[in-house]
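Scroll down for the structure; my scribbles are underneath it.
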Amino acid sequence: MTLRPFALRSPTPMPGWGLSFGVMMTTLSVIVLVPMAALLWRGFIGFGPAEMWEVVNRPRVWSALALSFRAALIASVFNLVFGVALAWVLVRYRFPGKRIIDAAVDLPFALPTAVAGIALTAIYAPNGFFGAALDQAFGLKVAYTELGIWIALVFVGLPFVVRTVQPVIEEIDRETEEASATLGATRLRTLTHVVLPTLTPAALTGFALALARSVGEYGSVIFIAGNLPNVTEIAPLLIVIRLEEFDYDGAVAIAIAMLSISFTMLLVINLIQIMSRRRMGAV
Amino acid sequence: MNIEIEEISKEFGATAALHPVSLSIPSGTLVALLGPSGSGKTTLLRILGGLEFPTAGRVLFDGSDATGLTVQERRAGFVFQSYALFRHMTVFDNIAYGLRARPRKTRPPAAEIARRVTRLLDLIKLPDIGARYPSQLSGGQRQRVALARALAIEPRMLLLDEPFGALDAKVRRELRQGLRDIHDTTGLTTVFVTHDQEEAMELADLVVVMSMGRIEQVGKPEDIRARPKTAFVREFITS
Amino acid sequence: MTETTLPLRWRPATTEPALVRWGLTVLCLAVLGVLLFAPLIAVFAEALRDGVALAIASLSEPDARSAIRLTLLVAAVVVPLNAAFGIAAAWAITKFDWRGKPLVLTLIDLPFSVSPVVAGLMFVLLFGANSALGAWLVAHGYPIVFAVPGIMLATLFITFPFVARELIPVMLEQGRAEEEAALTLGATGWRMFFTVTLPNIRWALLYGVLLCNARAMGEFGAVAVVSGKIRGQTTTMPLMIEMFYNEYLSVAAFTMAALLALLAFVTLTLKTALEWRYADQLAANHRH
Ligand SMILES: Nc1ncnc2c1ncn2[C@@H]1O[C@H](COP(=O)(O)OP(=O)(O)OP(=O)(O)O)[C@@H](O)[C@H]1O
Ligand SMILES: [Mg+2]
C-alpha cells in the first residue's frame, strides 16, 4: 500500500489508531526516548565532548573498553561458527534426545544472568569441577581470567545465531544441494559454496544480536571475571564503579563511548548484510 | 552412452515407488518417461542420476555396472523441475560452477572456462545474460540456464525432470524445439520426464509409458499411438 | 531379484559422511554439556551441598523472603504493562500504514543493544537526587531511584521489546482481512479486538509474556544500578544472589539461584510446549 505524498497515514476504516498509536508513542517516549535523551544531554551538553574524551582517554578506561569489545567479538565469532554448526545438527541430523537439546538451547534466554554467573564460576573456579581439571591437565586458569569472560559471553550469546539460522536451514531447497552434487562438487564444496552463502545474512543477524548482547553484558561476567583493573575489568563494571563513587560524568562518558562503538559496529554489520542480501538478487 | 536398467525396484518405507522395471536405452536416444502423477518417473530418473539408491537391481552405463557410482562420478547433466539455480550466483557463475568444482588437475584455466560458458550461453540463445542473477530471469530463461549449467560439465547423459512443467503453453512449445536442437547437436543420450503425452509424442524418439511404478509400454511414438499394449496406455494417450 | 547391497561409498547427495555426522553431533553435544548443562547441575549441587533442610531454611530468612516478594511484585507490574504496550504497538504497526514505521521499529528494538548497566544509568541521571526532577520528586516523597519504582522503570526498559517483537510478525502474517470482515458485520472496535484479534494472537502473546517475565525476574545489571541494594527493601532475587555470594553464604546464594533456575525450567517447558502445540500461531522463526 502506498501513501499519498505528505499524508502521515493512509485512510482506513480500522478503529483504534489514536489509542494504539498514542499508547505506543507515550510509552516509547517515557521508557526509552527520554532516558536516552537524558544520557546524551548529560554527556554532550552537561559535561561536554572534550571533557568526555578526557575521561575516556585513560589507560584504565581504554583497557576496559578494549576488553569488553574484544571479549564480545571473540565470543560472538565462536557463537557464529558453533551456532551454524549446531543449527545444522539440530535440523539435519537425527539423534536421541534431539528435541530436548533443541529446547535447551534457549536456556541462556531464560536463565537469569546472575545465576549463570555464579554457576559458571562454581565449575570453572580453581577448586571447581572443570576448573581444577583444566588447571591440572594444562595449567589453564579459566575463572578470574579473560578466558572466563569469554566463556560467560559465549553462554549469554549462544542461542542467537542458532535461532536465526535454524529456520533458514529448514527452508533450504534440497534440490540446490543435489544440483551441486550432480555438477561434480564434493559435499564439502557444496556446503561452502552453496549452503553457507544462503545462510550468511541470517547468520550475520544472529551474530549482530549476540554481539550487541555480549558487549553490554554485566551479570554473568562480574562473578567469573575477577575484576582486576586493567586486566579483567569490563566497561560496564567500570560504569558501576564510577557511579558508586558518585562520579556521574565519568560514568556517562564511558557509557556514551560504549554506545558509540556498539552502534558503529552494528552499522557495519548491517551494511555487510545489505550487501550480501543484494547479491542474492532477492531484496 | 547407452543405459541399461536391470530389474530396478525402489521402496520408500512401505510404499513401493518402483516395482522391478527393466529398460534399455540406446546411445544418443531422446527418451520420454511418460505417466501420471506418482507413477515413479522422478524416482527412476533420480536413480539414473545417482540421487537415489535402488532397493534392488542394477544400472549399467555402456555395459559396466554403475549402480554404486556416486552422484559426482556419474557425470549426469541433471535439470531439476524447480531448476535449482544457485540464487547467490550470477548466471555466468552458475554455468561455470561444475567446471570450477573439478579437482585442480582436470580443471580448465579461467579463460577456458569463460570461453565455454560464453559458448553455452550462445547455445541456449541468451548471449547477454551472464551477469544477471537468477531472480532477474523469466521462467523460460531460467530453464535454459539450468540446461546450460548441466551441459557445462560435458555430461555423459542428460536427465531432465519435467523440464517445461512450470512454463506456460507458448514458452513450452518454443523450448521443446530448443531441447530437440540441443539434443541433436550434442548427440547426448537424453531422458526427460513428462506427464504431457503430446509433449512426449512430439519430442521423443522413444516413449516409456509408466503407471504405478511399472513400465506399461516402451516404443516409438507412432507405434504406441498405433498399437497401445494395455487399456491404461490407450486411455492415457488419448486423453 | 537380487537385493543390491548399499556400497559404502554411496550416500545421498544431501548428507555428510557418517563419520562427519557423528563427529559433529558429539562435538555439539559436548560443547552444550560443558557450557549449558554443567552450570545448571552445579547450581543445584551447590544449593543442596549441605542438605535440603539448610537450603530451604536459607529461603525463609527475612531478607530472602523480601527479595522474592519484590521480584514477584516487579514482574507483576512490569509484565502487564509491557503486554499492553506490545499489543498497542503491534496494532498501530500492523493495522495501519504510516510514515516513519521503520524508525519506530528501530526505537522499539533499541533496548536490545543498550547495556543493562547503561540503561540503569539513564534512570539514575533522570530521577537521581542530583537531577532537578529527581530532587523535586524526593522532596515530595516520591523517590524513584534507589527505590522500587526505579527498579520497575529499569526493568520496563530492559524488557521493552519482548512482547511487541512476538506480536508484530504474527499479526503481519495474519493480515487485516478478519478484522475488516468483523467491521463489515457491524462489530465495534473493542468487540472486534476481543472476539477476532485476541483469539488469533493469544499464543504469541503468551509466548512474549513468558520471555518478558523470565527477563523481568532475572534482570541484574540495570536493577543493580538503580536499586541502591538496600537489604530487605530494594533487593531483588538476582541482587540477593550477589549479596549472599559476596558474603560467602554459598548455600543461600545457590538456593536462590536454584529457585530462579526452576523458573527458567518452567519458562522453557511452557515455551517449548507452545512451539510444539501452536507452532502455526507463533512467529515463523519459532517453528521447528
Ligand atoms: N522421498 C520419498 N519418500 C517417500 N515416498 C516417496 C519419496 N519420493 C517418492 N515417493 C513416492 O513414490 C511414488 C512415486 O513418486 P515419483 O516422484 O517418482 O512420481 P512421479 O511419477 O515423478 O510423479 P509426479 O508426476 O507427481 O512428479 C509416489 O507414491 C511418491 O509418494
Ligand atoms: Mg516427478
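Chain letters run A, B, ... following the sequence lines, proteins first, then strands; residues in each count from 1. All values reported here derive from a predicted model rather than from experimental measurement.
Note on residues 264-276 of chain A: no pairs pass salt bridge (Lys or Arg N to Asp or Glu O under 4.0 Å), not counting sequence neighbours. Every pair tested for salt bridge (Lys or Arg N to Asp or Glu O under 4.0 Å) that includes a residue from residues 190-202 of chain A fails, sequence neighbours excluded, so the list is empty.
The greatest number of non-hydrogen atom pairs below 4.5 Å with chain A, out of Ala76(B), Gly49(B), Ser82(B), is found for Ser82(B). When each of Phe78(B), Phe86(B), Tyr83(B) is checked for heavy-atom pairs under 4.5 Å with chain A, Phe86(B) comes out on top.
In this structure, the portion of Arg46(B) lying under 4.5 Å from any heavy atom of chain A is its side chain and not its backbone. For Leu159(B), no part sits under 4.5 Å from any heavy atom of chain A, backbone or side chain.
Contacts between residues 138-155 of chain B and chain A, counted as heavy-atom pairs separated by less than 4.5 Å, involve Arg149(B), Ala150(B), Ile153(B). Using a 4.5 Å heavy-atom cut-off against chain B, the contacting residues of residues 171-184 of chain A are Asp173(A), Glu175(A), Thr176(A), Glu178(A), Ala179(A), Ser180(A), Ala181(A), Thr182(A), Leu183(A), Gly184(A).
At most 12 non-hydrogen atoms from other residues, nucleotides or ligands lie less than 6.0 angstrom from CD1 of Ile100(A). Atom NZ of Lys125(B) has 12 or fewer neighbouring heavy atoms from other residues, nucleotides or ligands inside a 6.0 Å radius.
Between Thr190(A) and Tyr97(B), the shortest heavy-atom distance links the atoms CA-OH, 4.0 Å.
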Step by step, would you call Arg100(B) with Arg189(A) a side-chain contact (heavy atoms from CB on, under 4.5 Å)?
-> CA-CA 10 Å; Arg100(B) 289 177 181 157; Arg189(A) 192 176 173 93; 3.7 Å; yes

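In this structure, the side chain of His88(B) engages the main chain of His193(A) through a donor-acceptor pair within 3.5 Å.
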